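Reviewing the structure listed below.
Remember, predicted model here, so these are calculated numbers, not experimental data. Numbering of residues begins at 1 and proceeds along the displayed sequence.
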Amino acid sequence: MADMMSVPLEGATGRWDKSVPRILVLHRLLMDYWSLVDKPEFVKFAQDWLAINKLSSSALSSDVQDCSLETLGEIAQHPEVSPVCAVLGGILGNEVIKSLTGKGGPANNVMMFSGFDGGCRSFLLKKN
């Protein structure tokens, strides 16, 4: 996890796209916010965080769902993890079966599930 968090966002791109994966931006934003002891107001923190990482707020939107900073702030205050745990448990079980049977390639490097839209992304993170 520490290696994943240390890779600069501008160096993380998906296999089929040239921009930073939205799910990674959301993950890093929320992880950085939750790591703070004295949490500031979320919208202000998110705006500053996006500026520091040279990203616009459009990095948080997608074709499936746009996520406003206010909505993310509500999620940041009261996260719901049980549905995400169930989905990731199923994905992990599938990876174990693929490994044991030798059928299918493993998830490569980083796989992230989005509770916002139910999507799952796999991509490579490389240190520069």
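Within the model, atoms CZ of R28 and CG of L55 stand 10.0 Å from one another, a figure rounded to the nearest 0.5 Å. Of the inter-residue distances, the one linking D32 atom CG with H27 atom NE2 reads 9.0 Å to the nearest 0.5 angstrom. One distance of note links CG of L69 with NZ of K44; it measures 12.0 Å at 0.5 Å rounding. Rounded to the nearest 0.5 Å, atoms OG (S99) and CG (N94) are 11.5 Å apart.
Under the 4.5 Å side-chain contact rule for hydrophobic residues, L36 and L72 share a cluster. Residue I97 is not grouped with residue L92 when hydrophobic side chains (ILVMFWY) are merged at heavy-atom distances under 4.5 angstrom, including chains of intermediate members. Tracing side-chain contacts under 4.5 Å through hydrophobic residues (I, L, V, M, F, W, Y), one reaches W34 starting from W49; they form part of the same cluster.
Taking 4.5 Å as the limit, some side-chain heavy atom of F42 sits within range of a side-chain heavy atom of L29.
Here L100 sits in one hydrophobic cluster together with V96; the rule is ILVMFWY side chains under 4.5 Å apart, joined directly or through other members.
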